[in-house]
Amino acid sequence: MTEMIRKYTSEIGDDDDGKQVLLYGWIHEVRDLGGVAFALLRDREGIIQITCPKKRSPEIIKKLRKVRRESVVKVIGEVKKEPKAPGGFEVLPDEFEVLNEADAPLPLDVVEKVPAELDTRLDARFLDLRKPRVQAIFRVRHQMIQSARAFLSEEGFIEVQTPKIVSTATEGGTELFPISYFEREAFLNQSPQLYKQVLMGAGLEKVFEIGPIFRAEEHNTVRHLNEAISIDIEQSFTDHEGVMKVLERLVSRVYSDVVENCEKYLDWIEVELEVPEIPFQRITYDEAIEIIKRKGEEIVWGDDFSTPALKTLSEEVDGHYFIVDWPTEIKPFYAMPYENEPEISKTFDLMAGSLELASGAQRVHIYDLLVRKIGEKGLNPDSFEFYLSAFRYGMPPHAGWGLGADRLLMSILKLKNIREAVIFPRDRNRLTP
RNA sequence: GCCCGGGUGGUGUAGUCCGGCCUAACAUGGGGGCCUGUCGAGCCCUCGCCUCGGGUUCAAAUCCCGGCCCGGGCGCCA
């Protein structure tokens with residue numbers, strides 16, 4: 001037999017009518033009507049019907065009606081344009097081979113006649129991901145990451161990888177996961193922040209990193225994970241406004257690439273996307289406080305926004321927006337205060353509704369100020385030696401941000417739970433799969 | 001971590017308030033059978049379940065206490 005080239009189900013069209021094709025995939029469903037049997041073969045790109053009348057092949061129909069759902073099969077057959085078939089084409093099999101029979105019953109229903117809870121789905125994630133709707137999320141995620149990487153590269157940012165095993169807390173504040181590093185204690189890094197800044201001192205000028213961050217907080221919400229992916233940039237010779245422009249253009253680029261290249265997957269997820277208009281609205285922290293107060297929510301200047309406060313705010317401000325000029329007190333030590341008004345800082349958060357997507361700032365690049373601010377936060381400058389030394393020998397002014405990739409995807413696809421946006425999520429209770 | 005609500009076949013639900021009528025119901029699924037155009041196929045037969053530990057009681061899926069886990073809200077954050 002001549003060597004055949006495997007086709008995806010989605011590639012079958014008018015040109016194949018009457019021709020032989022080779023397909024690989026999973027048995028989605030079988031409907032056995034006695035004299036004819038229908039099977040749905042699913043691969044990662046779609047589903048096609050395999051139709052086998054008894055008289056065409058008594059051997060194949062026998063195998064077909066016995067095969068359990070989700071078994072892996074190889075099919076060689078003739079394509080027939082058929083209006084009665086779902087998708088308009090069907091394949092009449094000449095060869096039907098079960099490559100690997102699936103066990104039964106399945107831990108969850110891939111066809112989704114019966115829903116499954118997220119927890120059940122995550123326990124059997126490999127099966128959950130066979131659902132086109134679920135797999136589509138990760139096809140969009142792939143596009144999102146590709147777009148972010150392409151955009152930043154085109155903008156002159158150099159991609160770097162910084163260590164995830166570190167000796168001290170990077171920023172204080174958040175809890176870290178301790179790990180054992182030979183005879184010493186070490187931690188999983190909560191953020192590439194300090195390393196990005198050191199690289200500004202190294203003269204790279206524009207860097208980005210897409211990588212994991214680890215937070216040992218015991219939060220248990222639909223928008224927090226203990227292991228997340230962060231898209232981080234740092235840029236020299238610019239200020240917070242400069243990097244906000246990069247950020248909004250990146251978000252816009254991701255949306256337009258997804259709209260352009262992921263139509264099929266958006267369709268599977270049943271999401272309609274509109275590319276957000278840039279520039280995004282900037283509202284100051286003070287304005288946000290006023291809006292929240294006006295709506296009757298209890299808040300005083302200097303507070304961080306509570307979840308209900310952010311929900312209130314998002315009722316007043318549409319879509320994506322920046323909250324800028326935060327009180328210096330509630331931002332990390334590396335955030336640059338305004339010269340003429342040091343109680344507020346050159347900081348911003350990017351919001352999508354009430355969800356915080358990113359946060360950034362112009363950084364403190366003055367050694368003495370930085371040392372002082374570390375002390376003011378109750379941290380010990382001695383444990384930041386590797387970081388601080390980079391500020392003593394020609395550190396340029398710089399700014400940057402960190403964008404939560406999982407949250408961005410969650411917001412693009414309007415997912416209810418961030419765990420849906422992560423292929424194998426890690427939360428307070430979940431350490432497997 | 002805190003508050004509230006939950007945990008029943010492989011999956012998703014009903015039953016729990018008011019203990020005994022539960023030998024636990026329904027859908028989907030698994031096994032077997034019938035059927036030549038299904039597309040949530042249909043029909044017949046069949047299989048399979050009370051989260052764990054302790055307590056109350058003649059009697060616990062049902063009431064009480066604790067653990068573990070889940071959902072919603074919050075804190076904290078990206």
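This is a predicted model, so every value here is computed, not measured. A, B, ... follow the sequence lines: proteins, then strands. Residue 1 opens every chain.
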Centroid-centroid under 6.0 Å between His320(A) and Tyr255(A) rings: yes
d(CD, Glu227(A); P, A78(B)) in whole Å: 17 Å
Given G30(B), G37(B), C39(B), the nucleotide with the shortest approach to the side chain of Pro86(A): C39(B)
Which residues share a ring pair (Phe, Tyr, Trp, His ring centres under 6.0 Å) with His224(A), sequence neighbours left out: His219(A)
Within 45° cone and under 6.0 Å: Lys346(A) NZ/CZ vs Tyr338(A) ring: yes
Integer angstrom distance from the C1' of C70(B) to that of G12(B): 15 Å
Nucleotide forming a Watson-Crick or wobble pair with C21(B), both distances under 3.5 Å: none
Rounded interatomic separation in angstrom, taking CG from Asp32(A) and P from C34(B): 9 Å
For atom CG of Asp103(A) and atom P of G48(B), their distance in whole Å: 18 Å
Between C2(B) and C18(B) - P atom distance, rounded Å: 29 Å
Minimum side-chain heavy-atom gap Arg56(A)-Leu92(A) below 4.5 Å: yes
Please tabulate, one pair per line, each protein N/O and nucleotide N/O from nucleotides 8-10 of chain B that are separated by under 3.5 Å, including the distance.
residue	atom	partner	partner atom	Å
G10(B)	O2'	Leu106(A)	O	3.0
G10(B)	O2'	Pro107(A)	O	3.3

Inter-nucleotide P distance (G53(B), C76(B)), Å rounded: 39 Å
Nucleotide C34(B), atom C1' - distance to CZ of Arg65(A) in whole Å: 10 Å
Span that lies between the P atom of G30(B) and that of C77(B), in whole angstrom: 49 Å
Contact list for residues 20-41 of chain A, test salt bridge (Lys or Arg N to Asp or Glu O under 4.0 Å), sequence neighbours left out: Glu29(A)-Arg31(A), Glu29(A)-Lys113(A), Asp32(A)-Arg65(A)
Listed partners of Phe157(A) passing ring pair (Phe, Tyr, Trp, His ring centres under 6.0 Å), at least two apart: none
Least distance between heavy atoms, Arg426(A) atom then Pro433(A) atom: NH1-O, 3.0 Å
Residue list, salt bridge (charged side-chain N to carboxylate O under 4.0 Å, His left out) with Asp239(A), at least two apart or on another chain: none
Watson-Crick or G-U counterpart of A61(B), or none if no pair lies under 3.5 Å: none
Under the side-chain hydrogen bond (donor to acceptor under 3.5 Å, both in side chains) test, residues paired with Asn380(A) that sit two or more places apart: none
Contact list for RNA chain B against residues 125-153 of chain A - heavy-atom distance below 4.0 Å: none
Interatomic distance, Glu112(A) CD vs G12(B) C1' [rounded to whole Å]: 12 Å
N or O in side chain of Lys113(A) less than 4.0 angstrom from G29(B) OP1/OP2: yes
Inter- and intrachain pairs under salt bridge (Lys or Arg N to Asp or Glu O under 4.0 Å), touching residues 297-309 of chain A, at least two apart: none
Minimum side-chain heavy-atom gap Lys206(A)-Ile233(A) below 4.5 Å: no
Interatomic distance at C1', A60(B) relative to C21(B), whole Å: 15 Å
OP1 or OP2 of G33(B) under 4.0 Å from side-chain N/O of Lys66(A): yes
Counter-base of C2(B), judged by Watson-Crick or G-U geometry with both distances under 3.5 Å: G73(B)
Integer-rounded Å distance: U36(B) P and Lys62(A) NZ: 18 Å
Touch class at under 4.0 angstrom, heavy-atom based, for Ala228(A) against every strand present: base
Touch class at under 4.0 angstrom, heavy-atom based, for Gly35(A) against every strand present: base
Separation of C77(B) P from Ile330(A) CD1 (nearest whole Å): 9 Å
Pairwise 5' ranking along RNA chain B for Asn226(A) and Arg68(A), keeping only the more 5' one: Arg68(A)
Aromatic contact, Tyr8(A) with Tyr24(A) (centres under 6.0 Å): no
May I have the list of side-chain donor-acceptor pairs in residues 141-154 of chain A shorter than 3.5 Å, sequence neighbours left out?
residue	atom	partner	partner atom	Å
Arg141(A)	NH1	Asp406(A)	OD1	2.8
Arg141(A)	NH1	Ala421(A)	O	2.7
Arg141(A)	NH2	Asp406(A)	OD1	2.9
Gln143(A)	OE1	Ser147(A)	OG	3.0
Ser147(A)	OG	Gln143(A)	O	2.9
Ser147(A)	OG	Asp257(A)	OD2	2.7
Arg149(A)	NE	Glu159(A)	OE1	2.9
Arg149(A)	NE	Glu159(A)	OE2	3.2
Arg149(A)	NH2	Glu159(A)	OE2	2.7
Ser153(A)	OG	Arg149(A)	O	2.8
Glu154(A)	OE1	Arg253(A)	NH1	3.1
Glu154(A)	OE2	Arg253(A)	NH2	3.3

Distance in angstrom units between Glu29(A) CD and C39(B) P, rounded: 10 Å
Heavy-atom pair of closest approach, residues Pro342(A) and Pro337(A): O-CB, 3.5 Å
RNA chain B-proximal residues of residues 37-57 of chain A, any heavy atom under 4.0 Å: Phe38(A), Gln49(A), Lys55(A)
Interatomic distance at C1', U8(B) relative to A24(B), whole Å: 9 Å
Closest nucleotide among C35(B), G29(B), C39(B) to the Arg69(A) side chain: G29(B)
Short heteroatom pairs, N/O only, protein and nucleotides 69-76 of chain B, under 3.5 Å:
residue	atom	partner	partner atom	Å
C69(B)	OP1	Asn429(A)	ND2	3.0
C70(B)	OP2	Asn429(A)	OD1	2.8
C70(B)	O2'	Glu117(A)	OE1	3.4
C74(B)	OP1	Lys311(A)	NZ	3.3
C74(B)	OP2	Lys311(A)	NZ	3.3
C74(B)	N4	Asn220(A)	O	3.2
G75(B)	OP1	Thr307(A)	N	3.2
G75(B)	OP2	Thr307(A)	N	3.2
G75(B)	OP2	Thr307(A)	OG1	2.4
C76(B)	N3	His224(A)	NE2	3.1
C76(B)	N4	Arg223(A)	NH2	3.0

Whether Phe280(A) and Phe322(A) hold their rings parallel, tilted or perpendicular, with breakpoints at 30° and 60°: tilted
Qualifying ring pair (Phe, Tyr, Trp, His ring centres under 6.0 Å) pairs with a residue from residues 284-319 of chain A, counting only residues at least two apart or across chains: Tyr285(A)-Trp301(A), Tyr285(A)-Phe305(A), Tyr285(A)-Trp326(A), Phe305(A)-Trp326(A)
